[in-house]
There are 2 protein chains.
Amino acid sequence: MYHCSMYSRELLKGILKPIILKLLSEEEKMYGYEIVQKVKEKTEGKLLIKEGSLYPTLHALTTEGYLTTESVIVDSRTRKYYSLTNKGKGLAIPAIQELFDFQATLKLIFGNKNPAIS
Amino acid sequence: MYHCSMYSRELLKGILKPIILKLLSEEEKMYGYEIVQKVKEKTEGKLLIKEGSLYPTLHALTTEGYLTTESVIVDSRTRKYYSLTNKGKGLAIPAIQELFDFQATLKLIFGNKNPAIS
DNA sequence: TGCTATACATCATAATACGATGTATCATTG
DNA sequence: CAATGATACATCGTATTATGATGTATAGCA
């Protein structure tokens with residue numbers, strides 16, 4: 001079997017990068033802590049991004065050229081704003097589409113709520 | 001931060017076990033190859049379970065007491081049927097519910113198809 | 001004869017979310 | 001005033017797991 005899922009291996013494992021890309025495609029620029037709060041708010045507390053996941057991922061996306069950063073001091077605390085580069089916007093579109101499709105595919109399997117367990 | 005997502009770490013990484021549990025809660029008993037085909041069929045070819053993933057997972061679920069097996073020879077080829085134990089049914093219900101919720105939560109973030117990229 | 005489908009299996013690897021841990025400031029509250 | 005919790009960043013080792021590669025074997029078809 002040479003061929004794979006329509007969905008990349010990364011997607012099946014991880015939804016963090018797509019989430020970041022999705023939020024940044026809606027918000028222009030955001031800082032790490034804000035992303036954590038936004039996801040919490042959007043998902044009604046059901047999805048809590050961990051710092052140990054988020055910051056390394058933001059760094060990775062930046063290193064790969066998908067994000068740029070801008071540091072701002074607010075109330076003596078550092079905020080590191082992230083925004084999509086053009087390359088990042090190019091990545092965001094298929095990534096978001098992919099996860100949208102993935103969500104729809106899950107529904108094909110898990111759509112009906114009540115399992116038929118005898 | 002002591003507390004986690006509503007969703008288990010396993011879920012965020014893997015959807016294979018829930019898929020198996022879901023199918024076996026609908027079908028009574030299935031063999032490995034049949035599961036691969038069923039997922040392919042249900043998802044219109046978008047999700048292709050790999051043998052390298054499926055068989056080890058079936059073995060693990062069996063070892064953990066969630067599945068029982070029954071081997072049958074059909075056309076000189078072995079079919080190993082798997083079915084849920086009572087313990088397995090107990091696992092299936094929350095696992096399916098969890099993935100159903102997860103799917104709905106993804107929709108909260110990725111629900112609107114068109115990203116607002118300027 | 002070779003290819004595809006059926007049908008099982010194992011193993012090493014790569015990817016990544018997380019827990020634990022650390023630093024630092026500010027606001028609140030007993 | 002001291003303690004707590006929220007804000008805000010960071011790093012690192014670990015555990016988990018889907019997959020590719022590989023192997024065995026039968027059946028059917030071109």
Side-chain angles (χ1 to χ4, degrees), chain A residues 1-21 29-41 47-64 67 69-82 95 99 102, chain B residues 1-21 29-41 47-64 67 69-82 95 99 102:
Chain A
M1 217 184 270
Y2 283 98
H3 231 67
C4 306
S5 179
M6 223 185 90
Y7 302 116
S8 68
R9 186 176 172 181
E10 282 70 32
L11 173 65
L12 295 173
K13 247 203 255 184
I15 56 169
L16 187 50
K17 278 187 181 181
I19 285 176
I20 293 169
L21 295 169
K29 65 177 181 175
M30 297 180 84
Y31 56 99
Y33 193 80
E34 190 185 6
I35 291 174
V36 173
Q37 299 307 316
K38 194 73 176 179
V39 171
K40 185 180 173 183
E41 178 200 320
L47 211 56
L48 303 179
I49 303 298
K50 307 304 182 307
E51 293 158 302
S53 317
L54 180 66
Y55 292 114
T57 304
L58 286 172
H59 299 334
L61 286 170
T62 305
T63 301
E64 293 164 300
L67 303 180
T69 63
E70 182 195 350
S71 284
V72 178
I73 307 289
V74 178
D75 292 329
S76 312
R77 276 192 241 95
T78 301
R79 276 185 194 173
K80 203 165 165 186
Y81 279 97
Y82 292 86
L99 201 34
F102 178 61
Chain B
M1 216 184 272
Y2 283 98
H3 232 65
C4 305
S5 179
M6 222 185 91
Y7 302 116
S8 68
R9 186 176 172 179
E10 282 70 31
L11 173 65
L12 295 172
K13 247 201 256 182
I15 56 170
L16 187 51
K17 278 187 182 181
I19 285 175
I20 293 169
L21 295 170
K29 66 176 182 175
M30 298 180 83
Y31 56 100
Y33 193 80
E34 190 185 8
I35 291 175
V36 173
Q37 299 306 316
K38 193 72 175 178
V39 170
K40 186 179 173 183
E41 177 199 322
L47 211 55
L48 303 178
I49 304 298
K50 307 304 180 306
E51 294 159 302
S53 317
L54 181 67
Y55 291 114
T57 304
L58 286 172
H59 299 334
L61 286 170
T62 305
T63 301
E64 294 164 299
L67 303 179
T69 64
E70 182 195 349
S71 284
V72 178
I73 308 289
V74 178
D75 292 328
S76 314
R77 277 191 241 97
T78 302
R79 277 185 193 173
K80 204 166 166 187
Y81 280 96
Y82 292 86
L99 202 35
F102 178 61

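Note on naming: letters A, B, ... go to the chains in the order of the sequence lines (proteins, then strands), and numbering restarts at 1 for each one.
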Exercise. Answer with base, sugar-phosphate or nothing: what part of the nucleic acid does A/L54 contact at a heavy-atom distance below 4.0 Å?
Key: nothing
Quiz item: So what does B/R79 hit on the nucleic acid, given a heavy-atom distance under 4.0 Å: a base, only sugar-phosphate, or nothing?
Solution: sugar-phosphate
To the nearest Å, give me how far apart [atom1] ([X]) and [atom2] ([N]) are.
| X | N | atom1 | atom2 | value |
| --- | --- | --- | --- | --- |
| B/K38 | C/dA7 | NZ | P | 15 Å |
| B/E70 | C/dC8 | CD | P | 13 Å |
| A/E41 | D/dT7 | CD | C1' | 16 Å |
| A/L48 | D/dA6 | CG | P | 13 Å |
| B/K40 | C/dA7 | NZ | P | 14 Å |
| A/K17 | C/dA17 | NZ | P | 8 Å |
| B/L58 | C/dA9 | CG | P | 8 Å |
| B/Y33 | C/dA9 | OH | P | 15 Å |

Practice problem: Could you tell me which non-hydrogen atom of B/P18 sits nearest to which non-hydrogen atom of B/A95, and how far apart they are? | Solution: CB-O, 4.4 Å
Quiz item: Where is the tightest heavy-atom contact between B/S71 and B/K80, given as atom of each residue plus distance?
Solution: OG-CG, 3.6 Å
Protein-nucleotides 10-12 of chain C N/O pairs under 3.5 Å:
{"residue": "C/dT10", "atom": "OP2", "partner": "B/H59", "partner atom": "NE2", "Å": "3.2"}

Check the phosphate of [N] against [X], side-chain N and O only, distance under 4.0 Å to OP1 or OP2. Yes or no?
| X | N | result |
| --- | --- | --- |
| B/Y31 | C/dC8 | no |
| B/R77 | D/dT26 | no |
| B/K50 | D/dT17 | no |

Kindly compute the distance separating [atom1] ([X]) from [atom2] ([Y]), expressed to the nearest 0.5 Å.
| X | Y | atom1 | atom2 | answer |
| --- | --- | --- | --- | --- |
| B/L54 | B/I35 | CG | CD1 | 5.5 Å |
| B/T57 | B/I20 | OG1 | CD1 | 5.0 Å |
| A/E41 | A/L47 | CD | CG | 13.5 Å |
| B/L61 | B/L67 | CG | CG | 5.0 Å |
| A/M30 | A/L58 | CE | CG | 10.5 Å |

Quiz item: Which class fits the ring pair B/Y82 and B/H59: parallel under 30°, tilted 30 to 60°, perpendicular over 60°?
Solution: tilted
Exercise. Report yes if the side chains of B/I15 and A/F102 come closer than 4.5 Å at any heavy-atom pair, otherwise no.
Key: yes
Exercise. Take the C1' atoms of the five end pairs on each side of the helix from C/dT1-D/dA30 to C/dG30-D/dC1, derive the two axes, and give their angle rounded to 10 degrees.
Key: 10°
Quiz item: Which one, C/dT6, C/dA9, C/dA17, comes nearest to the side chain of B/Y82?
Solution: C/dA9
Quiz item: Of the nucleotides C/dT25, D/dT7, D/dA27, which has the atom closest to the A/S76 side chain?
Solution: C/dT25
Self-check item: Those residues that, when tested against A/Y33, pass ring pair (Phe, Tyr, Trp, His ring centres under 6.0 Å) (two or more places apart)
Solution: none
